[in-house]
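Down below is the structure, laid out as structure tokens.
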Amino acid sequence: MQYPTQIIKTVVNNFKNQYPEIEQIPAGIEPPPETETGDLAVALPMRAAGALQRSPREIATELSEMLKQRSELKSVEVAGPGFVNCTFTDSFLLKSVAKIIEQQTVEFPEPGSNKRVLIEFVSANPTGPLHVGHGRGAIYGDVLARLFEVFGYQVEREYYVNDGGSQIERLAESMLLRSRQAEGEAVELSEDHYRGDYLKEIVADSGISPGDSIETVARRGKEEIIAWIFSTLERFRINFDNTVYESEVAPPEAVGELVKRLEAEGLVRREDGATYLSTSKLGDDKDRVLIRSNGEPTYFANDLVYHLDKYNRGADQFIDIWGHDHHGYQQRLRSGLQALGCATERLEIELYQLVDLYRGGEPLQMSTRRGEFVTLDELIDEVGVDAVRFNFLTKNHNSPLDFDIEVATSQSEDNPVYYVQYAHTRLAGILRKADGQFDDVEPEDSLSEAGHRLVFKALGFVPFLQQTLAGREPHRITFWLRELARHFHTYYTAHRVVDPSAPAISARRLELVKFLKIIFKTGLDLLDVNAPERM
RNA sequence: GCGUCCGUAGCUCAGUUCGGAUAGAGCAGCGGCCUCCUAAGCCGCAGGCCGGAGGUUCAAAUCCUCCCGGACGCGCCA
């Protein structure tokens, strides 16, 4: 199936092929301003004027002659300084609509053709519950994964559990102190401990007593918290294909082998009893410690082993999704992987900015260590899964997100997610009302101007999603759905669909309704937000 | 100091990849619209030196340089 944008693009490319000097210039296919009547505008003539040494309008006229050959186009006009405005015929749009209704689904091209993509995200440390910031990264990763999937990629979602290192020791110490407190002993947790109340419950529930060994307590604590994290994620409709434990993938002997391998490359040096990788030779600011002077491997060393494991398992593309506070770590990891001979161009690191939480305008400081945070569970309790998923994608992932809990809950009635869901509900309501009574009526074969605009907008969904995937910007989906919902709500107010006195028009409009319902459902599915039949 | 990101309407933000026509939404404000498929909706009004200054060009919120303001990072933490 050919979407409208693709048809214009094909012609413009044919045009460009006649003139090698403009082959590299982007076509500039975009929506015209609303005051213009066209579906799409082409800005190429103005961009090409310099290279072709001709006036933009002259080029535009030549291009418009080529576009006029296409039977799908009703009108092609040169406008303004050298735009070409194109409008599609109703019959072409309606043919696409009929096809989608017949298939009951939107057709996606499959540029992925089963290429394998491994997306690692969330990967929160098992020292406390997920907080709101983790939720943002979780949604970003999950919807990005869904986008890859619809375009034919084979996606694996992976969670890396950092269940080693000093943080786990500190977790166990914190739990032991809590268990002593529970028995009435007057001991205090220090700055370095995890001081959230949740540890009291975990200690009580898992029967930890002061006499237990640190290893036992660490194991019990990790298990409890990991289970908790995954149950929260499941509530949030996020499931992983792989869970990789640092303790399993990066045992001491694996780190030893890693060091040997890097030593053979001549990239290892020792200083003050520590083992360094010479990452500064590979673009990093300075060399990085692999093995500390106390013999313990660093997080970095383990992480290299883990990434090496990923490469060994194989994928065409690896995507790591990190909080922006880790941005300074990127170069270190890339340099390390380069030292190991990994194809670093296959690794993509996407950073998301953290969430600043407010309650009634007052900022809330978040720290797992101090135990001050709003958990993702609490947020879901207050706001609901659909609203949280949707709202976390109402801002570009590399801008910080201000989230005011009071506003989010108090405004729950005019939350953007309901605006979109309501559009779907209205569509469902119309179909209930019609109840098949126009099924045998031949629909009118033309569209009103408003209907034309609405259909054209909706047919742009798949090409739009392709751009969204290419830019790794799933948040655009929520904006696009709001726009389509706005177009539809306007249309709905002005056009009565079910009208027994005008059966041909009703039949035509019902086709539009069926079509739009599929588009909304597809979009909401992509976000894994409910598409309700009634609200 | 160096690095990454952000700065657009009173507030929260799209738009910056890939430069296009008069810069868009939502919320808050003001005024209208339900004998009719759900008013969780629609229509209208008002609201802008796109942080600032230069530069590139037919054209800059978008590209380049510098500056100002904010967040984060720069460990033998993870």
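In what follows, chains carry the letters A, B, and so on, assigned in the order in which the sequence lines appear, proteins first and then strands, with residues in each chain numbered from 1.
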Separation of atom [atom1] in [X] from atom [atom2] in [N], rounded to whole Å:
| X | N | atom1 | atom2 | answer |
| --- | --- | --- | --- | --- |
| Q331(A) | C5(B) | CD | P | 14 Å |
| H324(A) | C74(B) | NE2 | C1' | 13 Å |
| N398(A) | G73(B) | CG | P | 17 Å |
| D285(A) | G1(B) | CG | P | 17 Å |
| H495(A) | C42(B) | NE2 | C1' | 13 Å |
| E483(A) | G26(B) | CD | P | 11 Å |
| I349(A) | C5(B) | CD1 | C1' | 15 Å |
| L333(A) | A78(B) | CG | P | 15 Å |

Any luck finding a side-chain donor-acceptor pair between Q167(A) and N162(A) under 3.5 Å?
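There is no such pair (donor and acceptor under 3.5 Å, judged by atom type) between the side chains of Q167(A) and N162(A).
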Counting only side-chain nitrogens and oxygens, does [X] get under 4.0 Å of the OP1 or OP2 atom of [N]?
| X | N | value |
| --- | --- | --- |
| R426(A) | A39(B) | yes |
| Y492(A) | A39(B) | yes |
| R292(A) | A78(B) | yes |
| T298(A) | G75(B) | no |
| K286(A) | G75(B) | yes |

Look at the side chain of [X] and decide which nucleotide, out of [options], has an atom nearest to it.
| X | options | value |
| --- | --- | --- |
| Y418(A) | C42(B), A78(B), A40(B) | A40(B) |
| H489(A) | G26(B), C76(B), C42(B) | C42(B) |
| E30(A) | A40(B), C37(B), G20(B) | G20(B) |
| D325(A) | C72(B), A78(B), C36(B) | C72(B) |
| T493(A) | C42(B), G75(B), G20(B) | C42(B) |
| H326(A) | A78(B), G75(B), A21(B) | A78(B) |
| H327(A) | A78(B), U4(B), A25(B) | U4(B) |
| Y419(A) | C77(B), C76(B), G41(B) | G41(B) |

Within 45 degrees of the axis of the six-membered ring of F488(A) and under 6.0 Å from its centre: does R426(A) put its NZ or CZ there?
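So R426(A) doesn't make the cation-pi contact.
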Could you check H487(A), H495(A), H489(A) and say which one makes a ring-ring contact (aromatic ring centres under 6.0 Å, His included) with Y491(A)?
H495(A)
Pick from Y140(A), Y352(A), W322(A): which one makes a ring-ring contact (aromatic ring centres under 6.0 Å, His included) with H397(A)?
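The single option meeting the ring-ring contact (aromatic ring centres under 6.0 Å, His included) with H397(A) is Y140(A).
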So what does G429(A) touch, heavy atoms closer than 4.0 Å: a base, only the sugar-phosphate, or nothing?
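Contact class for G429(A): sugar-phosphate only.
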Just to be sure I understand the rule, does D287(A) reach a base, reach only the sugar-phosphate, or reach nothing, if contact means heavy atoms closer than 4.0 Å?
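No contact.
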Does the ring of F83(A) meet both stacking tests against the six-membered base ring of G20(B): centre distance under 5.5 Å and plane angle under 30°?
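No; by the centre-distance and plane-angle rule, F83(A) does not count as stacking on G20(B).
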Between protein and nucleotides 14-19 of chain B, map the contacts as a letter string: B base, S sugar-phosphate only, - none, heavy atoms under 4.0 Å, written 5' to 3'.
SSSB--
Which residue pairs pass the salt bridge (Lys or Arg N to Asp or Glu O under 4.0 Å) test with at least one member in residues 271-285 of chain A, sequence neighbours excluded?
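Counting only pairs at least two positions apart or across chains, the salt bridge (Lys or Arg N to Asp or Glu O under 4.0 Å) contacts touching residues 271-285 of chain A are R269(A)-E271(A), D284(A)-R288(A).
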Inter- and intrachain pairs under salt bridge (Lys or Arg N to Asp or Glu O under 4.0 Å), touching residues 120-129 of chain A, at least two apart
E120(A)-K310(A)
Looking at the angle O4'-C1'-N9-C4 for a purine or O4'-C1'-N1-C2 for a pyrimidine, is C34(B) syn or anti, with syn meaning within 90° of 0?
syn
So which heavy atom on V255(A) is nearest to which on A250(A), and how close?
CG2-O, 4.2 Å
Heavy-atom closest pair (G283(A) atom, Q331(A) atom, distance to 0.1 Å) is O-CG, 3.6 Å
Please evaluate residues D39(A) and T87(A) with respect to the criterion side chain to side chain donor-acceptor pair (under 3.5 Å), reporting the C-alpha separation (whole Å), side-chain torsions for both, the decisive distance (0.1 Å), and the verdict.
CA-CA 5 Å; D39(A) 292 330; T87(A) 306; 4.8 Å; no
Spacing of the C1' atoms in C45(B) and A59(B) (rounded, Å)
32 Å
Here's a test of your reading of the structure: between D272(A) and G80(A), which maps to the more 5' nucleotide of RNA chain B?
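Nearest-nucleotide comparison on RNA chain B picks G80(A).
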Find which nucleotide of RNA chain B each of R332(A) and P416(A) is nearest to by heavy atoms, and output the residue with the more 5' nucleotide.
P416(A)
Do the side chains of E533(A) and K517(A) get close enough for a salt bridge, i.e. N-O under 4.0 angstrom?
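Salt bridge present between E533(A) and K517(A).
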Under a 3.5 Å cut-off for both distances, is A53(B) Watson-Crick or wobble paired, and to whom?
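The base-pairing partner of A53(B), which may sit in any strand shown, is U65(B).
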Please give the nucleotide sitting opposite U17(B) as a Watson-Crick or G-U wobble pair, both distances under 3.5 Å, or none.
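Partner of U17(B): none.
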Less than 3.5 Å between a donor and an acceptor, one on the side chain of D163(A) and one on the base of A78(B), is that the case here?
no
